[in-house]
Amino acid sequence: MTTEQSGTTGRRSGAEPRPDGDAAAPDRPDGATGTAPPGEGGTAGGGSGTDHTAGKKAEARDEAAAKGDALGGGDGGDAAADRAGAGDGNPTGTADDKAADPWSAFGPAPEPVLGRARRAVRAVGRFLVHEWTLAAVAALALAAAMTWPTLRYPRHTLPQDYWDPSLQAWQMAWSGHILRTDPAMLWHANTFYPENWSFAFSDTLLGYAPAGLIGVGPEHAVLRYNIMFVLAHALAAFGAYALARQLGAGRIGGAVAGASFAYAPWLLAQAGHLHILSNGGIPLALAMLARGHSWSLRYGYRPRRRHAGWAFAGWLVAAWQLSLGFGIGLPFAYMLAGIVLVAVVLWFVRRRRVKRPFGRRLFLADVFGGLAFAAVGAALAVPYFKVAELHPNAERTLGDIGLYSPPASGFFTAPAESRVWGGLHEGARAVLPWHPEMTLLPGFVLYALAAGGLFFSVWRVRHRIFLLAGVLVAMALAMGTRFFGGRFTYVPVFDYLPGWSGLRTPGRMMFWATLLLGLLAAGAVTAFCMRVRELAAERVPPWPGPWLRLATLLPLALVLVEGLNATPQPVVPRQPAAMRTVDGPMLVLPSSQNLDQPVMLWSTDRFQPMVNGGSGFTPRSQARIREATVSFPDYASVDYLRQIGVKNVVVLRDELEGTPWEGMLDRPVDALGVTREQVGEAVVFRL
């Protein structure tokens with residue numbers, strides 16, 4: 001058998017059809033595919049042709065050198081040898097032979113050897129035009145546009161209101177400050193004095209702590225919040241796009257999935273809850289895990305494309321997502337646990353038929369990645385269990401869940417912040433008991449695309465059924481106790497899954513329904529784009545016209561139009577000068593859940609200990625202090641504050657009207673041992 005024949009046979013025998021119809025290159029011992037690298041037998045026939053050519057060249061050089069020596073030319077022997085070795089296919093290398101060969105002009109030009117600088121420029125160029133680079137840039141630009149005017153005055157305004165956003169701006173500032181100064185005191189924040197573990201009174205956004213290391217004070221805290229608010233939307237769109245692409249959707253289908261997930265109308269009501277909007281790590285982690293395990297809806301399981309590094313990175317992203325809060329992180333953790341359980345069952349079933357169906361490296365990546373995820377979850381859960389132990393009123397009851405459980409009409413009602421549907425749905429919102437958490441419309445366009453995806457899609461029929469079942473289960477859970485009393489849906493989960501009783505609003509489970517609806521829509525849009533390409537191929541010339549191109553972008557445009565916002569951007573109350581000078585422990589009056597949240601933001605200059613604080617529940621100690629100080633300043637209230645260690649009381653004069661503390665500045669302080677002074681617009685009592 002000749003060399004060419006043996007190489008051809010090797011190519012044919014090594015090829016194997018891929019599950020998606022492409023031919024796969026033969027596996028190499030190191031797990032890579034394709035031809036061998038240079039220097040390792042790069043020819044198809046095993047390298048014998050290369051050795052033969054090299055031998056001929058060596059013989060020609062030796063012969064030319066010998067002739068040069070015989071002629072006594074000295075250096076001429078070396079020159080002859082160089083001429084003999086020049087050029088492939090011309091062993092003698094003489095100019096006459098080259099001129100005599102008329103076909104040499106038609107041969108391929110030698111590939112130029114690039115310098116280091118040109119190679120670097122080419123690498124940067126390839127990176128800049130790569131799909132994931134373009135997707136990331138597009139996600140950032142789209143987030144800035146879809147959340148506008150958040151970045152118009154990012155140092156002075158906050159989206160939706162300045163209550164919960166002030167709390168979350170303080171959380172990022174506190175985590176950065178305490179990690180820089182005294183990490184051991186992370187969970188014992190400067191608020192809710194004299195309580196401990198106060199940082200765990202609500203979701204912490206701890207994963208954003210690196211951003212909290214930059215900047216000091218309320219203005220920087222507001223700027224940081226607004227930047228992270230925009231980046232959270234960008235990550236959500238990018239993560240859902242990556243997941244849809246990994247599962248087998250086309251680019252436009254992936255874009256529809258990303259846009260519908262990040263800019264669903266119901267999320268506009270959550271504009272003041274950054275811990276709910278910070279959900280992009282979930283689809284991104286799922287995309288990485290699917291990529292690492294080489295699994296997709298469209299092509300199934302392709303073991304040759306497994307990558308342990310992607311799987312391990314997916315677990316790390318999942319752990320980071322969990323650090324942003326248990327509000328959406330806890331259901332994600334239980335969902336991952338279910339996936340692991342299914343994987344273990346599959347391994348048990350396939351262990352006799354397939355040796356190591358997941359691969360050793362991938363198995364180790366899953367083990368160590370899963371342990372890292374579990375370790376992060378356990379470390380974060382400890383302070384929350386401690387809070388539940390110290391503050392039983394922090395636990396939710398089924399009665400609390402019932403107050404926030406939306407009816408079925410909520411799935412077709414948009415919040416007031418929706419520019420398209422907000423005004424039209426005003427009447428529908430009026431009949432909802434608590435409409436900020438009950439307006440759960442993911443978008444009528446998304447509903448239509450997902451419905452079309454049940455009948456016309458690139459996904460297999462069984463996968464469409466699974467996606468539809470997931471949507472219905474998520475919606476049933478989102479209804480809480482409104483779905484047949486929750487007896488078969490929310491109540492068992494509430495009773496038996498640890499930590500679930502700490503979740504207050506079941507409507508946020510709509511997050512999962514939106515993601516699955518987006519995947520159904522991506523399957524339909526991908527099939528539509530494929531059909532458009534088929535129609536374009538029938539044209540002469542085979543090139544899509546402008547109307548066909550616009551038709552493929554229409555679903556994406558409609559999804560984005562439904563996501564347009566009318567979110568208010570109120571100006572954050574200005575920090576009183578007293579907050580920059582008065583030491584703690586301190587109490588700022590008047591005090592309430594909403595009033596205390598801006599006070600927390602004002603403390604980001606010095607982080608002095610303070611009684612004030614806002615969270616998902618009110619500690620009994622804080623309630624007692626508020627009740628005891630209604631008569632302040634008098635002997636009983638001053639004595640009580642001294643006993644618990646409060647040294648200063650700051651009274652905000654402009655906030656007293658209409659509160660229980662109205663008129664307190666008219667009371668005398670004689671014989672109380674208290675000094676009183678005006679500091680800017682506030683009055684400071686020093687105890």
> If we only count heavy atoms from C-beta on, is the Asn279 to Phe332 side-chain gap below 4.5 Å?
Replying inline: no

> Tell me, do Pro159 and Asn226 make a side-chain contact under 4.5 Å, heavy atoms counted?
Replying inline: yes

> With side chains defined as the heavy atoms from C-beta onward, is the minimum distance between Met228 and Met172 less than 4.5 Å?
Replying inline: yes

> Can you pull the side-chain hydrogen bond (donor to acceptor under 3.5 Å, both in side chains) pairs that have at least one residue in residues 445-471, sequence neighbours excluded?
Replying inline: none

>> According to side-chain hydrogen bond (donor to acceptor under 3.5 Å, both in side chains), does anything in residues 373-387 pair up with another residue at least two apart or in another chain? List the pairs.
In response: none

>> Using every non-hydrogen atom in the two residues, find where Ser323 and Gly207 come nearest and quote the distance to one decimal.
In response: OG-CA, 3.2 Å

> If we ignore angles and hydrogens, is there a donor and acceptor under 3.5 Å between the side chains of Asp203 and His273?
Replying inline: no

> Does the separation of the ring centres of Phe199 and Trp187 fall below 6.0 angstrom?
Replying inline: yes

> Do Phe127 and Val124 come within less than 4.5 Å of each other through their side chains, counting heavy atoms only?
Replying inline: no

> Can you list the residues that meet the side-chain hydrogen bond (donor to acceptor under 3.5 Å, both in side chains) rule with Thr526, with sequence neighbours excluded?
Replying inline: none

Distance-only check: which donor-acceptor pairs under 3.5 Å involve side-chain atoms of residues 373-382, not counting sequence neighbours?
none

> Which residue pairs pass the salt bridge (charged side-chain N to carboxylate O under 4.0 Å, His left out) test with at least one member in residues 492-516, sequence neighbours excluded?
Replying inline: Glu437-Arg508

Can you give me every donor-acceptor pair (side chain of residues 511-524, partner residue at least two apart or in another chain, under 3.5 Å) with its distance?
from   : atom 1 : to     : atom 2 : distance (Å)
Thr514 : OG1    : Trp266 : NE1    : 3.0
Thr514 : OG1    : Met510 : O      : 2.8

> Is the CZ atom of Phe466 crowded by more than 12 outside heavy atoms at less than 6.0 Å?
Replying inline: no

>> If you count heavy atoms of other groups shown closer than 6.0 angstrom to CZ of Phe484, is the number above 12?
In response: no

>> Do Trp295 and Leu297 have side chains that approach each other closer than 4.5 Å (heavy atoms only, starting at C-beta)?
In response: yes

> Hey, are the side chains of Tyr208 and Arg224 touching, using non-hydrogen atoms and a 4.5 Å cut-off?
Replying inline: no

> What pairs of residues pass the salt bridge (charged side-chain N to carboxylate O under 4.0 Å, His left out) test when at least one of them lies in residues 517-532, not counting sequence neighbours?
Replying inline: Arg531-Glu534

> With side chains defined as the heavy atoms from C-beta onward, is the minimum distance between Tyr334 and Pro498 less than 4.5 Å?
Replying inline: yes

> Closest approach of Leu441 and Ala414, non-hydrogen atoms and distance?
Replying inline: CD2-CB, 3.8 Å

> What pairs of residues pass the side-chain hydrogen bond (donor to acceptor under 3.5 Å, both in side chains) test when at least one of them lies in residues 239-258, not counting sequence neighbours?
Replying inline: Glu131-Tyr241, Glu131-Arg245

> Which residues pass the side-chain hydrogen bond (donor to acceptor under 3.5 Å, both in side chains) test with Ser405, sequence neighbours left out?
Replying inline: Thr481

>> Going by the rule ring pair (Phe, Tyr, Trp, His ring centres under 6.0 Å), which residues pair with Trp320 if we only count those two or more places apart in sequence or in a different chain?
In response: none

> Are the side chains of Leu554 and Leu550 in touch, meaning some heavy atoms are under 4.5 Å apart?
Replying inline: no

>> For Tyr263, give me all partners under side-chain hydrogen bond (donor to acceptor under 3.5 Å, both in side chains), at least two apart in sequence or on another chain.
In response: none

> Quick one: side-chain hydrogen bond (donor to acceptor under 3.5 Å, both in side chains) partners of His275, sequence neighbours excluded?
Replying inline: Gln168

